[in-house]
Amino acid sequence: MDLLIPLMIMVPLICALFLNLLHKKDRTIKTIAIVVALTLPLLPLLASYGVHYFGGYEPLTQNPTLSTGLPSLITGTALNAFHPAITYSFQDAQKLFIFILGLVAFLAIMVSLFETRRPSGVYGFMMFMGVAAVSALLLTDDIFNFYVFFEIAALATVGVVLVSQVEGNYETALKYMILGSIASPLLLLGIALLLGVTGNVNITDIIVSLKSGVVDPQNPVILMACGLIFFGWLYGSGLPPFHTIKSAIYSKALPHGAALLQAFSVFTFVALGIIILRIFSYLPLSQMVIIGVSLLAMILGITMAIMQTDLKRMIGFLAVGELGYIGLGLGLGTAYGITAGLFQAVNEVIITAFLFIGFGTIYYQTGESDIRKLGGLMVKNPLVALLVLLAGFAMAGVPPLNAFQSKLMLIQASIQAGLPELGVIMILLSIVTFMTFMKAFHAVYMRPRPVDLTIRNDKIPRVTILALFIFLLVCLVLGLFPQVATDFLQGISTSLAGGIP
């Protein structure tokens with residue numbers, strides 16, 4: 001077992017606790033945050049593939065010494081292969097996802113440290129705690145352990161909003177918590193039903209129980225569990241009917257916080273979506289519902305983005321709409337479609353963070369995010385304006401940037417699956433996304449500057465500009481060489497499409 005696997009959770013978790021304790025010591029906070037943030041994308045690159053059993057309690061089939069002398073009631077049945085410990089699995093897809101999460105977290109934390117005069121230990125605590133929780137969601141093969149970190153990630157999301165000190169943040173955070181007090185218990189109830197029927201919380205063991213006939217897969221309790229877990233998935237990711245509150249959460253956080261929060265949402269979407277496909281893929285209705293909800297998210301997210309006057313709220317709705325592309329790939333159920341959907345998830349995390357931090361420079365300089373009060377900023381910062389423009393092109397799927405490749409793959413996958421209508425919808429909505437972005441870009445950068453617009457900070461921190469260049473570089477690399485990402489995703493996509501545990 002590689003000890004670096006649990007360290008991907010423990011390092012940001014311990015760092016979060018230290019930052020909270022040292023919240024009044026600015027230099028110490030900055031130093032610790034920078035050092036630990038730098039390790040976040042490095043740990044998955046250094047870790048070896050494998051499985052980590054907490055406490056060292058691997059299945060009996062992998063420990064012949066322990067199984068010696070046990071009765072055949074155990075060694076001769078499925079109990080011999082069950083996982084008695086919380087199990088974390090680190091494979092190709094997890095390496096890519098946690099690396100991208102760590103990269104976005106590193107850049108968001110660095111920008112937050114250099115855009116604020118006094119670093120907040122509490123703010124850093126929330127960001128690192130969220131990273132630890134979402135990393136655990138991607139690694140765990142235990143569905144109850146998944147729920148624990150699902151709740152921690154939700155609380156960290158609320159905490160980032162509360163500490164951001166944006167007008168209206170307390171009200172939005174309270175609404176999100178109230179909705180969570182409904183959705184999260186329903187998710188837990190679904191997990192409890194699975195435990196009651198299968199006797200397991202390990203996901204692989206649950207699948208084996210269903211496929212081996214130990215448990216009737218058509219049991220109504222299993223079907224109810226599917227519905228409850230699916231509802232929790234909608235809440236955690238921000239799909240309808242939770243798209244409005246999720247976009248509001250983004251708009252009431254500081255831009256660098258919003259960049260990280262959307263990464264939390266996307267990877268929560270991916271982690272729980274994979275669990276749903278692994279356990280309930282034998283239900284044809286499950287894939288149809290995923291496609292239906294994804295289409296609804298795309299249409300609602302993009303159409304509501306058109307009507308927004310707040311930059312952060314607009315990007316928030318666009319981010320919700322982009323989730324629909326990921327869902328379509330998962331819902332198609334083919335290996336190529338799932339690969340395209342997961343590749344789109346990686347691209348969305350990078351591009352949306354690119355946009356949040358790019359447009360965040362406007363908020364940093366002016367304290368405004370209302371496009372009706374902005375204008376003329378192209379002259380002030382032409383380089384940043386160009387970077388933001390390229391970020392918008394990336395989200396709309398303009399070649400040679402990365403989302404072009406993933407969206408093209410999704411269109412091809414929908415045609416191969418006999419659903420060309422989905423490809424047409426994706427093309428049309430990408431055009432609307434481009435129009436929505438260009439409307440906001442024109443209002444902020446190309447329209448005459450309002451007389452009463454005050455510039456609070458003339459210079460944008462170099463760290464912020466460097467972060468934008470890094471995001472652009474990643475977009476170009478994944479756009480020109482998509483196999484850099486897709487090669488990591490083909491294994492899990494093939495297993496999901498083939499129904500392999």
Side-chain angles (χ1 to χ4, degrees), residues 108 111-112 114-117 161 164-172 244 247-259 261-262 301-321 351-396 398 432-465 467-469 471-472:
V111 170
S112 72
F114 285 89
E115 284 191 356
T116 54
R117 290 186 177 88
V161 174
S164 294
Q165 297 297 319
V166 176
E167 183 181 356
N169 60 332
Y170 289 103
E171 180 183 351
T172 301
T244 303
S247 62
I249 282 287
Y250 297 150
S251 68
K252 299 305 178 183
L254 292 172
H256 34 74
L261 293 184
Q262 64 84 29
I302 294 173
T303 53
M304 293 186 76
I306 298 173
M307 301 182 288
Q308 302 306 310
T309 57
D310 184 273
L311 284 173
K312 292 186 291 181
R313 194 74 186 268
M314 181 201 74
I315 301 171
F317 275 117
L318 288 177
V320 170
I351 294 169
T352 312
F354 192 0
L355 271 176
F356 269 124
I357 292 178
F359 272 132
T361 59
I362 306 300
Y363 187 80
Y364 174 77
Q365 288 192 295
T366 66
E368 281 289 348
S369 60
D370 190 335
I371 61 176
R372 295 170 297 184
K373 300 178 182 179
L374 296 167
L377 295 174
M378 173 75 79
V379 177
K380 195 73 178 174
N381 292 292
L383 176 60
V384 173
L386 175 61
L387 292 171
V388 172
L389 180 64
L390 292 174
F393 284 175
M395 177 167 277
V398 176
V432 178
T433 299
F434 180 77
M435 293 169 56
T436 303
F437 169 79
M438 288 307 300
K439 170 190 169 185
F441 183 85
H442 177 271
V444 172
Y445 288 104
M446 304 180 71
R447 191 172 58 187
R449 178 177 168 180
V451 178
D452 59 345
L453 181 62
T454 303
I455 304 297
R456 300 181 181 180
N457 298 291
D458 283 324
K459 293 185 178 180
I460 298 170
R462 293 181 181 178
V463 169
T464 302
I465 297 176
L468 296 176
F469 271 111
F471 283 130
L472 176 60

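When a residue number appears, it is its place in the shown sequence, counting from 1.
- Residues Tyr363 and Val166 have side chains in contact (heavy-atom distance under 4.5 Å, counting atoms from C-beta outward).
- Contact of the Leu383 side chain with the Phe469 side chain is registered, since non-hydrogen atoms from C-beta on lie closer than 4.5 Å.
- Here the straight-line distance linking atom CG of Asn381 with atom CD1 of Ile455 works out to 8.5 Å at 0.5 Å rounding.
- Residue Arg313 comes nearest to Ser251 through the heavy atom pair CD-OG, 3.6 Å, listed as atom of the first residue, atom of the second, then distance.
- No donor-acceptor pair closer than 3.5 Å links the side chain of Asn169 to the backbone N or O of Lys252.
- One N or O on the side chain of Gln262 and one on the backbone of Ala259 form a donor-acceptor pair closer than 3.5 Å.
- Atom OH of Tyr250 and atom CD1 of Ile315 lie 11.5 Å apart (nearest 0.5 Å).
- Among all heavy-atom pairs drawn from Ser369 and Asp310, the shortest one is OG-OD2, 2.6 Å.
- A heavy-atom distance below 4.5 Å is found between the side chains of Phe359 and Val388.
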Check step by step if side-chain contact (heavy atoms from CB on, under 4.5 Å) holds for Phe354 and Leu472. CA-CA 8 Å; Phe354 192 0; Leu472 176 60; 3.9 Å; yes
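- A heavy-atom distance below 4.5 Å is found between the side chains of Lys380 and Asp458.
- At a threshold of 4.5 Å between non-hydrogen side-chain atoms, the residues Met304 and Thr244 count as touching.
- Atom CG in Leu390 sits 10.5 Å away from atom CG in Leu468 (nearest 0.5 Å).
- Within the model, atoms OG1 of Thr436 and CD of Gln308 stand 10.5 Å from one another, a figure rounded to the nearest 0.5 Å.
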For Val161 and Leu261: C-alpha separation, side-chain torsions, deciding distance, then whether side-chain contact (heavy atoms from CB on, under 4.5 Å) applies. CA-CA 9 Å; Val161 174; Leu261 293 184; 4.1 Å; yes
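- Contact record, Phe317 with Ser247: CZ-OG, 3.2 Å, taken as the closest heavy-atom pair.
- Within the 3.5 Å criterion, the main-chain N or O of Leu254 finds a donor-acceptor partner in the side chain of Ser164.
- Of the possible donor and acceptor atoms, one in the side chain of Lys312 sits under 3.5 Å from a partner among the backbone N and O of Ala253.
- The number of heavy-atom neighbours closer than 6.0 Å to CD of Glu171, taken from other residues, nucleotides and ligands shown, is 12 or below.
- Between the side chain of Thr366 and the backbone N or O of Glu368 there is at least one donor-acceptor pair closer than 3.5 Å.
- Shortest non-hydrogen contact noted between Val111 and Ala467 is CG2-CB, 3.9 Å.
- Across all their heavy atoms, Pro382 and Val379 have their closest contact at CD-O, 3.7 Å.
- Between Tyr170 and Gln165, some side-chain heavy-atom pair lies under the 4.5 Å cut-off.
- Interatomic distance, CZ of Phe437 versus CZ of Phe393, reported as 7.0 Å (0.5 Å rounding).
- The two atoms that bring Gly358 and Val384 nearest to each other are O-CG1, 4.3 Å, heavy atoms only.
- The distance from the CG atom of Leu374 to the OG1 atom of Thr309 is 10.5 Å, given to the nearest 0.5 Å.
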